[in-house]
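Each residue takes its place number in the sequence, starting with 1.
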Amino acid sequence: MITPIQGFSKLTKEEKINWITENYTKNSAHTKEVLKVYWNSDTKLQKLHDEFIENTISNYYLPLGIAPNFLINNKLYAVPMAIEESSVVAAASKAAKFWLSRGGFKTTILGTEKVGQVHFIFKGDSKKLESFFNSIKPLLISDSNELTTSMKKRGGGISKIELRNKTADLANYYQLHCTFETLDAMGANFINSCLEQFAITLKREALLYSDFSNTEKNIEVVMSILSNYVPNCIVRAEVSCKVEELNEDANIKSSQLAEKLVQAVTIAKVEPYRAVTHNKGIMNGIDSVILATGNDFRAIEAGIHAYASRNGAYSSLTDASIENGIFRFWIDIPLALGTVGGLTNLHPLVKVALEILQKPSAKELMQIVAATGLAQNFAALRSLVTTGIQEGHMKMHLLNILNQLGATDKEKQLLTTHFKTNTVTHSAVVTAYNNLKND
């Protein structure tokens with residue numbers, strides 16, 4: 001019977017591995033071999049990876065691929081993408097190549113405002129609280145000067161602090177709703193430090209405010225934390241061309257393709273079951289660039305999906321239209337990203353990815369990420385409304401199936417050639433592989 005362990009974090013790396021493999025795996029020696037195969041032979045580099053998180057026992061690899069030929073605002077990019085799913089990098093590359101000769105992607109930053117909140121309970125007169133807030137507002141700013149000096153020198157800092165009455169949603173609940181500009185940093189630590197200082201000032205000054213009763217003086221701060229919902233930190237990416245230029249698919253007229261693409265987006269606008277998968281495809285592109293550049297894909301996912309529900313129902317992140325013979329396809333998406341701080345300054349492959357992207361600013365990275373997400377969605381929709389998604393996806397998945405079967409390099413080559421003209425399904429690959437083995 002496995003018993004709980006005390007002080008696991010204080011064990012050495014070897015001791016952690018011994019404990020986990022002996023208690024939770026069937027073949028301890030084999031598991032240790034697997035874990036150690038993924039260690040970096042450079043001990044200094046491995047130590048760096050070990051210290052990214054607590055209780056590290058090995059490195060977990062994801063393929064890092066490149067989607068070339070992204071023309072964004074007339075500048076050519078090769079986009080690094082870290083992802084395990086077959087066909088994602090190929091789809092992005094195919095869409096980038098398609099739009100390369102049609103003007104490429106046009107992107108615009110619509111806003112860069114980030115949000116943090118001090119959530120607190122106040123039992124008393126809301127009008128007195130409002131007067132109190134107005135009186136201490138300059139003090140909230142001045143008390144945080146030490147935290148904001150460096151950011152302000154670079155053109156960022158606190159942009160607004162407002163009191164919000166949320167008592168209609170929860171009894172006695174109020175918040176300081178604060179907005180920030182953090183430039184090339186994602187800014188989480190900066191924002192949270194400012195918010196915690198606001199909370200200190202709020203509580204301290206409430207105790208001194210003569211118009212408050214004793215009960216009102218005791219403001220209860222519940223928490224001070226940034227929000228990953230950033231509906232005013234928005235980037236737009238779009239592509240457009242004449243309808244007749246959508247002419248690369250031999251089995252469908254360009255006018256029909258344009259109409260079907262618009263219909264597919266419209267369905268994702270009104271049908272949440274479709275919208276979730278539609279947007280998941282967009283996130284295939286977005287998350288892979290976020291991961292490759294050392295940003296927080298969980299924060300991005302949470303904020304984007306909240307944005308997809310901003311009108312009361314979960315809906316498509318992309319839009320499409322046909323007007324005056326022009327097909328237009330676009331996305332507006334919230335992205336709070338950074339190109340300095342965190343892993344961007346530490347992880348060697350993140351540094352390489354950012355160098356490949358020509359060392360973008362946070363705004364430039366927003367635009368690259370949005371264009372990649374749009375490309376991914378275009379590629380998926382184009383497949384869905386023409387050949388279907390499985391034809392291209394399964395061809396990319398072919399090598400995974402062959403690797404599962406233990407095919408040799410020669411067998412992979414023969415079977416890849418075979419499936420260039422045959423439909424790829426799991427059962428068809430197994431049958432073809434067995435036939436090859438029996439010949």
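- Geometrically, Arg382 does not engage Phe378 in a cation-pi contact, judged by NZ or CZ lying under 6.0 Å from the ring centre and within 45° of the ring axis.
- Leu48 places none of its side-chain heavy atoms less than 4.5 Å from the side chain of Asn40.
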Legend entry - side-chain contact (heavy atoms from CB on, under 4.5 Å) between Leu405 and Val429, worked out: CA-CA 9 Å; Leu405 294 171; Val429 175; 4.2 Å; yes
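- Across Ser240 and Arg328, no two heavy atoms sit closer than the pair CB-CA, 4.1 Å.
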Inset, instruction - List the steps, then state whether side-chain contact (heavy atoms from CB on, under 4.5 Å) holds for Gln367 with Ile109. - result: CA-CA 7 Å; Gln367 295 171 86; Ile109 299 294; 3.8 Å; yes
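- Judged by distance alone, the side chain of Thr167 and the main-chain N or O of Leu170 form no donor-acceptor pair under 3.5 Å.
- Between Phe190 and Phe180, the ring-plane angle classifies as perpendicular under the 30° and 60° cut-offs.
- Contacts classified as salt bridge (Lys or Arg N to Asp or Glu O under 4.0 Å) and involving residues 293-322 (residues at least two apart or in different chains) are given here: Lys269-Asp319, Asp296-Arg298.
- Counting only N and O atoms by type, the side chains of Lys152 and Asn145 include a donor and acceptor under 3.5 Å apart.
- The environment of CG in Asn189 is sparse: at most 12 heavy-atom neighbours from other residues, nucleotides or ligands sit within 6.0 Å.
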Inset, instruction - Would you check, one step at a time, whether the test salt bridge (charged side-chain N to carboxylate O under 4.0 Å, His left out) holds for Glu248 with Lys94? - result: CA-CA 12 Å; Glu248 286 194 0; Lys94 186 176 181 180; over 6 Å; no
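- Side chain of Thr56 to backbone of Ser58: no donor-acceptor contact under 3.5 angstrom is found.
- Here the side chains of Cys241 and Leu246 are in contact, with some heavy-atom distance below 4.5 Å.
- Atom CD of Gln256 is separated from atom CG of Asn251 by 11.0 Å, given to the nearest 0.5 angstrom.
- The side-chain heavy atoms of Arg236 and Thr107, taken from C-beta on, include no pair separated by under 4.5 Å.
- Contact of the Leu147 side chain with the Gln197 side chain is registered, since non-hydrogen atoms from C-beta on lie closer than 4.5 Å.
- Residues Phe8 and Lys16 form a side-chain contact, since some pair of their non-hydrogen atoms from C-beta on lies under 4.5 Å apart.
- Rounded to the nearest 0.5 angstrom, Asp184 CG and Thr112 OG1 are separated by 10.5 Å.
- Here the CG-NZ distance, from Leu163 to Lys137, works out to 9.5 Å after rounding to the nearest 0.5 Å.
- Interatomic distance, Ser316 OG to Asn377 CG, rounded to the nearest 0.5 Å: 6.5 Å.
- Of the N and O atoms on the side chains of Ser150 and Arg154, at least one donor lies less than 3.5 Å from an acceptor on the other residue.
- Side-chain contact annotation: Thr21 with Thr31, donor-acceptor N/O pair under 3.5 Å absent.
- Contact of the Thr344 side chain with the Thr293 side chain is not registered, since no non-hydrogen atoms from C-beta on lie closer than 4.5 Å.
- Side chains of Tyr307 and Asp332: no donor on one and acceptor on the other come within 3.5 Å.
- To the nearest 0.5 Å, atoms SG (Cys178) and NZ (Lys160) are separated by 10.5 Å.
- Here the side chains of Leu374 and Phe105 are in contact, with some heavy-atom distance below 4.5 Å.
- Rounding to the nearest 0.5 angstrom, the gap separating the CD1 atom in Ile290 from the CD1 atom in Ile83 is 12.0 Å.
- The local environment of CD in Glu15 is crowded, with over 12 non-hydrogen atoms from other residues, nucleotides or ligands closer than 6.0 Å.
- Formation of a donor-acceptor pair under 3.5 Å by the Ser315 side chain with backbone atoms of Asn311 is not found in this model.
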Inset, instruction - Given side-chain contact (heavy atoms from CB on, under 4.5 Å), test Met283 with Ile286 step by step and report yes or no. - result: CA-CA 5 Å; Met283 300 313 297; Ile286 288 174; 3.8 Å; yes
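- Formation of a donor-acceptor pair under 3.5 Å by the Asn324 side chain with backbone atoms of Ile326 is not found in this model.
- Between Glu51 and Lys47, at least one side-chain nitrogen of the basic residue sits less than 4.0 Å from a carboxylate oxygen of the acidic one, meeting the salt-bridge criterion.
- The distance between the ring centers of Phe52 and His347 falls below 6.0 angstrom.
- For the residue pair Ser159/Thr179, the side-chain donor-acceptor check at 3.5 Å is satisfied.
- The neighbour count for Lys260 NZ, taken as heavy atoms of other residues, nucleotides or ligands under 6.0 Å away, does not exceed 12.
- Proximity of Leu176 to Glu162: side-chain heavy atoms (C-beta onward) are nowhere separated by under 4.5 Å.
- Between the side chain of Asn279 and the backbone N or O of Ala308, no donor-acceptor pair lies under 3.5 Å.
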Inset, instruction - Could you go through the salt bridge (charged side-chain N to carboxylate O under 4.0 Å, His left out) check for Glu244 and Lys253 one step at a time? - result: CA-CA 8 Å; Glu244 56 264 30; Lys253 292 180 180 178; over 6 Å; no
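- Of the N and O atoms on the side chains of Thr372 and Gln376, not one donor lies less than 3.5 Å from an acceptor on the other residue.
- Not one N or O on the side chain of Gln175 forms a donor-acceptor pair closer than 3.5 Å with the backbone of His177.
- Between Phe70 and Trp99, the gap from one ring centroid to the other reaches at least 6.0 Å.
- Side-chain atoms of Gln358 come within 3.5 Å of backbone N or O of Leu76 as a donor-acceptor pair.
- When each of His119, Lys166, Arg164 is checked for a side chain to side chain donor-acceptor pair (under 3.5 Å) with Tyr173, only His119 meets the rule.
- Under the 3.5 Å distance criterion, the side-chain polar atoms of Asp249 are left unmatched by any main-chain donor or acceptor of Ile252.
- Dense packing is recorded around NZ of Lys32, with more than 12 heavy atoms of other residues, nucleotides or ligands lying under 6.0 Å away.
- Looking only at atom types and distance, the side chain of Asp143 has a donor-acceptor partner in the side chain of Thr201 under 3.5 Å away.
- No donor-acceptor pair under 3.5 Å is formed between the side chain of Lys97 and the backbone N or O of Asn69.
- Atom CG of Asn27 has more than 12 heavy atoms from other residues, nucleotides or ligands within 6.0 Å.
- At least one cation-pi condition fails for Lys106 and Trp330: the charged atom is not both under 6.0 angstrom from the six-membered ring centre and inside a 45 degree cone around its axis.
- Side-chain atoms of Asn247 and Ser254 include no donor-acceptor pair closer than 3.5 Å.
- For the residue pair His30 / Thr25, no side-chain donor-acceptor distance below 3.5 Å is found, with atom types taken as modelled.
- Classified by interplanar angle (parallel below 30°, tilted 30° to 60°, perpendicular above 60°), the ring pair Tyr38/Tyr61 is perpendicular.
- Residues Gln46 and Asp50 bring a donor and an acceptor atom of their side chains to less than 3.5 Å of each other.
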Inset, instruction - Would you check, one step at a time, whether the test side-chain contact (heavy atoms from CB on, under 4.5 Å) holds for Met366 with Cys233? - result: CA-CA 10 Å; Met366 286 172 69; Cys233 187; 4.1 Å; yes
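- Of the possible polar contacts, none joining the Ser288 side chain to the Met81 backbone as a donor-acceptor pair under 3.5 Å is found.
- No more than 12 heavy atoms of other residues, nucleotides or ligands shown are found within 6.0 angstrom of NZ on Lys242.
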